[in-house]
Amino acid sequence: MELLSNLWLGLQVASEPITLLYCFGGVLLGTVVGVLPGIGALAAISLLLPLTYHMPPTSAIIMLAGVYYGAQYGGSTASILLNLPGTPSSAVTCLDGYPMARNGKAGVALFVTTIASLAGAMSGLVLLVLFSPAISEIGLKFGPAEFFSMMVLGLVAASSMTTGSAAKGLAMVVFGLLLGMVGTDVNSGVARFSFDVPELMDGISLVALAMGLFGVAEVVRCINSPEMNRKPEKVTLKSMAPTAEEFKATLKPMARGSALGSALGALPGVGPSIAAFMSYAIEKKVAKDPGRFGHGAIEGVTAPESANNAAAQTAFVPSLSLGIPGDAVMAVMLGALIIHGIQPGPMLISEQPQLFWGLVVSFAIGNIMLVLLNLPTIGLWVALLRIPFAWMYPAILVFVALGVYSVNNNTFDIYSVAALGIMGYALMVLRFEPAPLLLGYILGPMLEENLRRALLLSRGDPMVFIDRPISAGLLAATAAMLLWAIWSTVRATLRSKRQLELAQSAPG
């Protein structure tokens with residue numbers, strides 16, 4: 001009964017006309033900044049922060065939250081249509097979403113991502129409502145050793161995301177870790193691998209890296225491609241709907257992605273990006289034909305989209321109930337609360353029930369608004385593909401340049417995205433896929449930080465990673481995954497050798 005009364009209180013707060021207006025404005029702006037490559041929710045929320053000074057705290061946080069999870073919806077649009085991840089968490093959607101668009105399935109891809117996003121968001125919302133106290137307790141049990149072990153598991157899983165050699169995937173993960181080391185060491189303050197370039201003191205821009213590897217590299221690849229002259233068919237409402245077989249293929253990945261994203265999003269410091277990458281890796285592991293991934297597998301779109309949207313909802317658990325921001329966006333949102341004299345932490349739910357439960361109910365309202373906004377506009381977005389590529393690609397490069405420049409107002413980032421685009425094209429020619437590199441870059445600094453912190457707390461004893469049960473379990477899962485990968489490779493090699501011997505011994 002207490003839960004129902006809390007939800008009723010939240011509904012009263014969230015259904016006020018002014019609150020609904022702010023919620024709609026937030027999700028609309030979030031969708032737009034998600035579609036536009038390079039801008040992202042962080043820049044939009046930072047720009048909106050001064051406006052919240054003169055707003056009621058509940059309306060302010062509901063609007064900023066709408067921008068945050070609205071960007072998760074919009075980020076998939078540019079990923080699918082143009083191979084440009086609107087947000088870092090939607091980068092994995094490029095792997096199969098863009099091939100679906102090239103195969104004439106852009107409408108289907110956008111339709112299923114909208115449904116998957118709603119399913120993931122609602123799953124995360126249910127988890128947020130029912131298990132917030134329990135999730136907070138689990139999050140408190142995660143120390144530096146557990147975070148380190150979980151990230152190692154994520155990196156090993158990332159090496160399996162490639163459609164080709166697992167060794168190449170692992171090499172790209174290591175390369176991403178090395179790129180993540182560029183910049184100032186947070187512990188010693190010493191600049192590493194910056195080569196006396198002041199702009200590299202803060203490291204390589206994540207936006208520049210994602211835009212270069214996925215967007216600019218794809219533009220260079222397509223310049224002399226026959227696809228330059230391809231004209232997509234006109235998209236009708238009927239063509240947007242997936243077939244019964246396609247829809248059935250999305251159900252289990254959607255459920256797995258929603259569950260994984262809900263769980264990972266509730267852990268401090270994890271966030272939607274890691275949830276999306278790990279969800280994709282799991283789908284590829286459990287698939288009967290992993291070779292379809294990277295060539296337009298619908299599961300490779302629905303699983304990460306449901307995961308990142310679920311994680312975007314449950315990311316509010318550690319932020320609000322523990323006062324621990326999971327990423328930079330959450331840190332800005334907590335700053336908005338502190339500006340209004342509200343202290344995030346374990347007492348927030350009891351001291352500010354109208355804010356917490358109003359925010360929770362607004363998630364449901366905002367996600368329904370997003371579906372109503374996105375489904376009717378699918379045909380409009382797909383119409384972008386009918387623009388001649390000779391006009392579209394220069395415009396894409398302009399948007400990329402504007403997007404990376406808007407983050408730090410630094411022209412060096414434009415040069416960086418150009419260089420990274422050339423590198424991405426070279427990797428594409430050599431059949432190295434960029435997604436594991438991006439995850440290695442994202443996890444690298446957090447991996448190093450938690451490794452150092454765990455060893456510092458244990459006074460240099462590496463057994464801390466084994467002595468703690470959760471950490472030991474995660475490392476055991478990592479070892480099992482590595483052994484399985486080795487066994488699968490050996491088995492495939494032996495099978496190929498046996499088939500070759502049979503072919504050679506066959507008469508005639």
Side-chain angles (χ1 to χ4, degrees), residues 92 94-100 103 149-178 213 245-246 248-250 252-253 255-257 260 274 276-304 307 424 426-440 443 447 465-466 471-508:
V92 70
C94 294
L95 300 180
D96 282 282
Y98 185 66
M100 284 186 71
N103 295 334
S149 301
M150 184 175 64
M151 290 172 191
V152 170
L153 176 63
L155 290 173
V156 172
S159 66
S160 67
M161 288 166 48
T162 57
T163 56
S165 167
K168 285 186 175 181
L170 191 58
M172 292 300 282
V173 168
V174 174
F175 189 24
L177 290 173
L178 293 175
L213 290 179
E245 184 179 350
E246 288 173 332
K248 183 179 179 182
T250 65
K252 289 183 180 179
R256 284 190 289 262
L260 180 68
I274 298 173
F277 278 98
M278 291 191 69
S279 175
Y280 186 89
I282 288 173
E283 289 308 313
K284 191 174 177 184
K285 282 291 182 186
V286 302
K288 294 180 180 178
D289 182 14
R292 295 187 305 108
F293 284 75
H295 301 285
I298 198 168
E299 304 96 312
V301 174
T302 53
L427 293 172
M428 191 182 296
V429 171
L430 297 173
R431 299 186 182 278
F432 285 89
E433 296 189 15
L437 184 153
L438 188 63
L439 184 61
L443 288 183
L447 183 81
F465 301 104
I466 306 298
S471 176
L474 292 169
L475 290 177
T478 304
M481 187 176 292
L482 283 172
L483 290 174
W484 175 257
I486 294 171
W487 165 244
S488 299
T489 303
V490 171
R491 185 176 58 181
T493 303
L494 292 176
R495 185 184 296 118
S496 300
K497 185 177 179 180
R498 193 179 307 117
Q499 290 175 349
L500 180 61
E501 290 175 350
L502 290 173
Q504 290 175 345
S505 62

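Just so it is clear, the values below take in all heavy atoms, side chains as well, and ignore hydrogens, waters and symmetry mates. This structure is a prediction, so every number in the text was calculated from the model and none was measured.
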Using every non-hydrogen atom in the two residues, find where [X] and [Y] come nearest and quote the distance to one decimal.
X: L177; Y: G440; value: CD2-O, 3.5 Å
X: V301; Y: M100; value: CG2-SD, 3.9 Å
X: G257; Y: S279; value: CA-OG, 3.6 Å
X: P304; Y: E299; value: CD-O, 3.9 Å
X: A249; Y: I298; value: CB-CG2, 4.1 Å
X: G296; Y: P99; value: N-CB, 3.5 Å

About how many Å separate [atom2] of [Y] and [atom1] of [X], when rounded to the nearest 0.5 Å?
X: R256; Y: T302; atom1: CZ; atom2: OG1; answer: 9.0 Å
X: N103; Y: Y98; atom1: CG; atom2: OH; answer: 11.0 Å
X: I282; Y: L260; atom1: CD1; atom2: CG; answer: 4.5 Å

Walk me through it: do M172 and L427 pass the test side-chain contact (heavy atoms from CB on, under 4.5 Å)? CA-CA 10 Å; M172 292 300 282; L427 293 172; 3.5 Å; yes
For residues 149-156, dump all side-chain donor-acceptor pairs below 3.5 Å to protein atoms at least two apart in sequence or in another chain.
{"unit_1": "S149", "atom_1": "OG", "unit_2": "A145", "atom_2": "O", "d": "3.0"}
{"unit_1": "S149", "atom_1": "OG", "unit_2": "S471", "atom_2": "OG", "d": "2.5"}

With sequence neighbours left out, write down each residue that passes ring-ring contact (aromatic ring centres under 6.0 Å, His included) with F465, or none if nothing qualifies.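 Only F148 meet the ring-ring contact (aromatic ring centres under 6.0 Å, His included) criterion with F465.
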Please lay out, stage by stage, how Y280 and D96 fare under the test side-chain contact (heavy atoms from CB on, under 4.5 Å). CA-CA 10 Å; Y280 186 89; D96 282 282; 2.6 Å; yes
